[in-house]
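A short write-up of the structure that comes next.
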Amino acid sequence: MPSSRIAVLLTAVSVPVFAQESNNLALSGDFIQCPLPEVVPIELKEDLSQRFDSIVIESKSSETVADKATKFSGGVKLAYEDKRIVADEILIDRDAGKIRTAGDTKFQDGNITIQSSQLEADNAKNSVVMSNSNYQLGLSPGRGAADQLKITEQGVILEDASFTSCLGETPDWQISASEIDLSTEDNTGSAYNTVFRVKDIPVMYLPYFTFPLTNERKTGFLYPQISSSSKSGFELGLPFYWNIRENMDATITPYYMSKRGTQLRSQFRYLFGEQFGQVDFEYLGSDSELSSNDERYLGRYQHMGTFAENFRVFVDYSDISDDNYLVDLESDQFSSTDAYLWRIGELSYFAENWQTSMKVQGLKVLGDREDSYQTIPQLDFQAYQPLGFLNSSFNVFGEYTRFEISDPTKPEADRFHVEAGFALPYTMPGWFVNTDLRLMHTQYQQHNIDNNPLLDEDVSRTLPKARIHAGLRFDRFANYFKQNFVQTLEPQLQYLYIPDEDQSMIANYDTTPLQDDFDGLFRDRRFSGLDRIAQANQISWGLTSRLLDESNTELFHLSLGQIVYFNDSNIALNEDNEPESESALAADLFLQLTERWQFRGDIQYDTEQNSTEKSQLTIDYRKNERNLVQLNHHYIRNLSGNEIEQVSALTSFPLSRHWQFIGHVTEDLVRSRSLEAYAGLQYESCCWAVRVAYHRNINTNLDEQDFLAEDRDAFDTGVSLQFVLKGLGGDQKPLAIDDMLRSGLFGYKRPYFLSN
């Protein structure tokens with residue numbers, strides 16, 4: 001009996017799986033555990049490890065039939081490579097090139113286990129047919145039944161078949177079809193005359209649909225997006241995914257809003273080598289909620305990548321039809337509270353000791369705010385040259401910027417800036433001294449200054465800068481609460497000198513004050529940009545103490561610091577516009593209360609005015625990714641003339657093995673009003689999941705002039721619904737809840753990244 005012919009028959013029985021990603025679903029604590037169904041492997045008595053390329057048959061008896069076939073009877077087991085067949089009888093017809101089984105038959109390989117009443121393998125047709133079959137996928141929970149299961153070189157055909165990824169005799173959901181084709185050529189499945197059932201109740205009929213057999217991308221419709229809001233009514237999105245080619249795809253979503261109309265949302269992505277790009281476009285022909293029939297749209301183009309080893313390119317450009325687009329229609333591209341859209345294009349080159357870049361950048365300002373300057377272009381260059389002793393270096397930075405603005409009453413300028421100097425960083429385990437000496441020269445040529453008599457057309461400014469920053473680190477062993485710690489004491493001082501120079505003849509193009517938190521005390525500047533270089537004759541002092549446990553984990557730190565001015569500063573002014581002799585006292589506190597509880601706070605306190613300028617306090621409890629609590633308090637005494645004080649609470653915890661709750665609320669204490677409330681419920685089993693969320697957040701109006709006649713509610717309220725079937729062309733992993741935690745205006749910030 002030629003073994004090669006039998007090997008061909010058995011090779012044809014290789015069956016594709018629905019999802020290649022097959023990790024067991026396992027979550028710690030009380031969360032759901034979804035192991036794959038146990039598949040009892042077919043074992044033979046003989047050791048097959050040394051006979052992998054041979055066919056092995058075990059049976060109680062065998063006989064020759066008509067001198068051309070051999071029939072094996074009595075608990076027959078056949079093995080070839082990783083494939084196994086068990087049957088009451090197996091007939092091998094050498095002349096016809098067929099294998100037939102009789103009685104209960106089980107086929108098994110690494111991908112699937114099939115039980116049927118009969119199996120017939122035909123070498124001439126290179127096919128296998130099984131009748132009255134039940135199948136169980138080996139690498140995912142998918143299972144089902146078929147009146148007939150036919151395997152060919154092109155794939156698998158199941159007639160009068162069913163499929164589900166749920167466990168148990170009565171699955172939560174199941175699809176049945178007159179025919180299901182599983183293609184091995186393109187790893188896709190096709191189903192005809194399909195009925196979707198929930199607990200044996202038919203809920204939907206589809207004459208035809210396709211689905212992926214692996215985790216590879218597949219063209220087709222994605223899960224619908226269902227929600228509602230008071231400003232847009234009932235909302236339904238039907239995303240269609242287009243797998244254009246291996247490195248290119250698109251998602252097109254008709255998005256229906258009962259109050260506004262149907263919007264088209266699209267996203268196109270591409271990847272060429274190390275170049276990645278994305279184009280997003282949203283379009284609404286006319287908005288039924290507005291009195292005008294103007295079209296509304298949002299477009300964004302992003303590109304980033306490296307090429308020719310040392311070059312990097314970055315582009316982020318957005319445009320929008322009106323200032324209230326994000327408030328009314330929202331978008332995944334930006335938050336509804338964003339007051340501007342960033343626009344930048346940058347090309348950079350990086351060498352060993354120097355780098356340069358060319359960029360154009362600007363902002364599209366939303367709402368009743370002043371126009372922003374654009375840099376068209378900005379060229380910068382920086383280099384450093386090691387001097388060969390004590391880690392010292394000679395540093396050079398140069399920049400040319402052209403400032404333009406759409407407002408014809410505002411000045412424009414060409415600015416050239418260069419600074420050069422020496423840096424001498426010296427660091428030892430217990431102390432450090434960093435010295436920086438620079439000479440800064442800036443040249444301005446200002447245009448369109450007729451309406452600004454204080455400005456000069458040509459301005460030249462040259463300033464030296466001297467900075468010395470030094471610190472010590474002391475540590476000792478300590479014992480608190482019967483535990484051993486290392487306690488540190490880290491004092492530091494910085495002296496900064498920049499002479500005073502009148503800069504009132506220079507317009508403000510890109511400069512704004514920087515925050516005076518603890519880390520900001522030791523910067524060498526008080527403003528971003530270059531239009532204002534603040535006078536400095538000052539000492540910054542700071543003191544930090546830490547507690548480290550035996551594993552060197554920080555459990556506590558407290559930092560205090562302040563700037564002391566030696567003369568009238570041109571930047572530290574109180575409310576009466578009088579110079580102050582010292583800055584606000586800045587403090588930073590971190591406390592790891594237990595393994596799961598931690599506290600973080602920072603405060604800036606004006607000791608001369610006896611008032612708090614800014615503060616942020618946060619308490620976090622985090623058991624795991626799905627069980628957490630966060631409490632926040634934010635206070636700013638003067639933000640553009642307004643006092644800000646907000647408190648928020650956020651939590652996520654399991655209600656049961658399958659149910660999860662996520663909620664957060666933010667209150668405005670100054671105006672005694674709620675800013676946002678969010679509550680979400682998620683049910684998740686091993687084969688399906690559903691989310692229901694309620695939101696209520698304050699509405700804004702960024703374009704009151706053009707939208708004056710529109711009747712806008714003070715708050716937007718609504719619900720959203722998301723439904724997911726697991727295992728149908730996807731994986732069995734638990735649904736992440738990060739998007740629910742971060743949803744809304746004031747989402748969750750991880751404890752160590754509160755400034756995000």
Side-chain angles (χ1 to χ4, degrees), residues 15-21 111-112 133-137 139-152 154-166 171-226 236-245 249-256 262 264-267 685-691 721-732 735:
V15 180
V17 296
F18 279 85
Q20 293 292 343
E21 190 163 305
N111 295 333
I112 195 171
S133 301
N134 292 290
Y135 63 90
Q136 172 68 63
L137 302 181
L139 299 180
S140 75
R143 63 187 179 92
D147 285 353
Q148 188 179 82
L149 190 154
K150 184 177 182 180
I151 304 172
T152 66
Q154 289 73 37
V156 181
I157 300 175
L158 298 92
E159 297 182 357
D160 293 328
S162 64
F163 174 80
T164 184
S165 62
C166 300
D172 291 341
W173 67 268
Q174 179 177 262
I175 60 172
S176 58
S178 61
E179 183 177 313
I180 299 177
D181 297 344
L182 309 178
S183 172
T184 57
E185 295 180 347
D186 55 7
N187 287 322
T188 61
S190 302
Y192 301 86
N193 299 316
T194 303
V195 177
F196 176 74
R197 287 181 168 84
V198 176
K199 294 291 186 181
D200 280 339
I201 301 174
V203 296
M204 184 173 61
Y205 169 79
L206 289 174
Y208 174 78
F209 82 97
T210 63
F211 52 90
L213 300 180
T214 67
N215 286 328
E216 295 179 1
R217 304 192 308 269
K218 170 72 172 63
T219 297
F221 284 97
L222 306 177
Y223 289 107
Q225 304 164 358
I226 303 174
L236 174 63
L238 296 174
F240 179 79
Y241 177 78
W242 181 17
N243 183 27
I244 302 173
R245 57 181 61 179
D249 63 11
T251 303
I252 303 169
T253 306
Y255 198 84
Y256 170 76
T262 300
L264 182 65
R265 301 179 178 181
S266 62
Q267 181 182 91
S685 70
C686 295
C687 62
W688 69 284
V690 63
R691 287 177 175 177
L721 174 67
Q722 181 182 0
F723 185 76
V724 176
L725 295 181
K726 301 167 121 184
L728 188 61
D731 56 40
Q732 293 296 112
L735 295 182

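Nothing fancy with the numbering, it's 1 onward along the sequence.
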Query raised in the report: Looking only at heavy atoms, what is the nearest atom pair of Asp200 and Pro202, with distance?
Result: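 Shortest heavy-atom contact: O-CD, 3.5 Å.
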
For a 4.5 angstrom cut-off between non-hydrogen side-chain atoms, does [X] reach [Y]?
X      : Y      : value
Tyr255 : Pro239 : no
Ile175 : Phe209 : yes
Leu721 : Arg691 : no
Tyr256 : Leu238 : no
Arg143 : Pro171 : yes
Asp249 : Thr251 : no

Query raised in the report: Does the SG-to-SG distance between Cys686 and Cys166 fall under 2.5 Å?
Result: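 Cystine link not detected, SG atoms outside the 2.5 Å cut.
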
Requested in this report: Could you walk me through whether Lys150 and Val156 pass the side-chain contact (heavy atoms from CB on, under 4.5 Å) test, one step at a time?
Outcome: CA-CA 6 Å; Lys150 184 177 182 180; Val156 181; over 6 Å; no

Working to the nearest 0.5 angstrom, can you tell me the gap between [X] [atom1] and [Y] [atom2]?
X      : Y      : atom1 : atom2 : result
Ser178 : Asn193 : OG    : CG    : 4.0 Å
Ile112 : Tyr135 : CD1   : OH    : 7.5 Å
Asp181 : Glu159 : CG    : CD    : 9.0 Å
Leu222 : Ile252 : CG    : CD1   : 11.0 Å
Gln267 : Tyr241 : CD    : OH    : 10.0 Å
Glu179 : Tyr208 : CD    : OH    : 10.5 Å

Query raised in the report: Can you list the residues that meet the side chain to side chain donor-acceptor pair (under 3.5 Å) rule with Asn243, with sequence neighbours excluded?
Result: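 For Asn243, the residues satisfying side chain to side chain donor-acceptor pair (under 3.5 Å) (neighbours in sequence not counted) are Arg217.
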
**Report entry** With sequence neighbours excluded, residues passing side-chain contact (heavy atoms from CB on, under 4.5 Å) with Ala177
**Finding:**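 Applying side-chain contact (heavy atoms from CB on, under 4.5 Å) to Ala177 gives Ile180, Ala191, Thr194.
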
